[in-house]
Amino acid sequence: DAGVTQSPTHLIKTRGQQVTLRCSPKSGHDTVSWYQQALGQGPQFIFQYYEEEERQRGNFPDRFSGHQFPNYSSELNVNALLLGDSALYLCASSLLTSGGGYGYTFGSGTRLTVV
Amino acid sequence: AQSVTQLDSQVPVFEEAPVELRCNYSSSVSVYLFWYVQYPNQGLQLLLKYLSGSTLVKGINGFEAEFNKSQTSFHLRKPSVHISDTAEYFCAVSDLWPSNFGNEKLTFGTGTRLTIIP
């Protein structure tokens, strides 16, 4: 059973450009959350999607947007990239009604470098 | 707002020695507590979780943690570490508000790098 799959694994972008990261959740999961992990820091919550809608959002600017598709996969879009957006972006899937008992399953992440 | 403090950024330990990684949290509501491990160039793997019930929680790879509500702590322990335990360890908390489903956002600490000395 495949876990959470993220693509691409690495990419390099130039300041001001736009980027799209992709995530396929673990089979049976219906909720996708995105986290940003800067070098040497813990992951920071960006937002969570359920039933194709943004359910919660962390303290990130509107340059960060997302989408969830009917098959539960998700995209994270970042516009007008800044050097400070360089980080590991983690996708986590879960089953909303599990009562938190199963926690999240994380992907291996996408390493974004902005130059 | 909830927060998590991991008091030690780096912990070096000799192989086969015991280890404790400290975690304190603050929250105005009931929480779920988690420990995750991150190996180099990988995502996060769940070690263990506290939801309710017994305050001593056992996880994978011989790790355990104890929830102490009065001290708002959730320290991670292992009686005998191995080289393979070298990794970054993150404590995380999840509020049970607003939906009480528990699948609310995770708030992470800044991590503790565990280094095993042969």
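Order of the sequence lines sets the chain letters (A, B, ...), proteins ahead of strands, with each chain counted from 1.
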Are more than 12 heavy atoms from other residues, nucleotides or ligands located less than 6.0 Å from atom CZ of A/Phe69?
yes
Please tell me whether A/Phe47 and A/Val4 are part of a single hydrophobic cluster in this structure, the criterion being side-chain heavy atoms less than 4.5 Å apart.
no
Identify whether A/Leu21 and A/Val115 are in the same connected component of the hydrophobic contact network (ILVMFWY, side-chain heavy atoms under 4.5 Å).
no
Measuring from B/Asn41:CG to A/Leu88:CG, what's the distance to the nearest 0.5 Å?
9.0 Å
According to a hydrophobic-cluster definition based on side-chain heavy atoms being under 4.5 Å apart (Ile, Leu, Val, Met, Phe, Trp, Tyr only), do B/Leu114 and B/Leu76 belong together?
yes
Do A/Phe106 and B/Tyr36 have side chains that get closer than 4.5 Å, going by heavy atoms?
yes
Mind checking whether A/Pro43 and B/Leu44 have side chains closer than 4.5 Å, heavy atoms only?
yes
Cluster check A/Leu82, A/Ile46: I/L/V/M/F/W/Y, side chain < 4.5 angstrom
no
Are B/Val4 and B/Leu21 linked, directly or through intermediate hydrophobic residues, by side-chain heavy-atom contacts shorter than 4.5 Å (ILVMFWY only)?
yes
Does any backbone or side-chain atom of B/Gln38 lie under 4.5 Å from a heavy atom of chain A? Answer side chain, backbone, both or neither.
side chain
If you draw a 6.0 Å radius around CD in A/Gln44, do more than 12 non-hydrogen atoms from other residues or ligands fall strictly inside?
no
Using a cut-off of 6.0 Å, state whether more than 12 heavy atoms not belonging to A/Tyr72 lie near its atom OH.
no
More than 12 foreign heavy atoms under 6.0 Å from CG of A/Asn71: is that the case here?
yes
Could you name the residues of residues 35-42 of chain A that have a heavy atom within less than 4.5 Å of a heavy atom in chain B?
A/Tyr35, A/Gln37, A/Gly40, A/Gln41, A/Gly42
Between B/Phe34 and A/Tyr104, is the gap from one ring center to the other below 6.0 Å?
no
Residue-level contacts of residues 8-20 of chain A with chain B, using a heavy-atom cutoff under 4.5 Å:
none
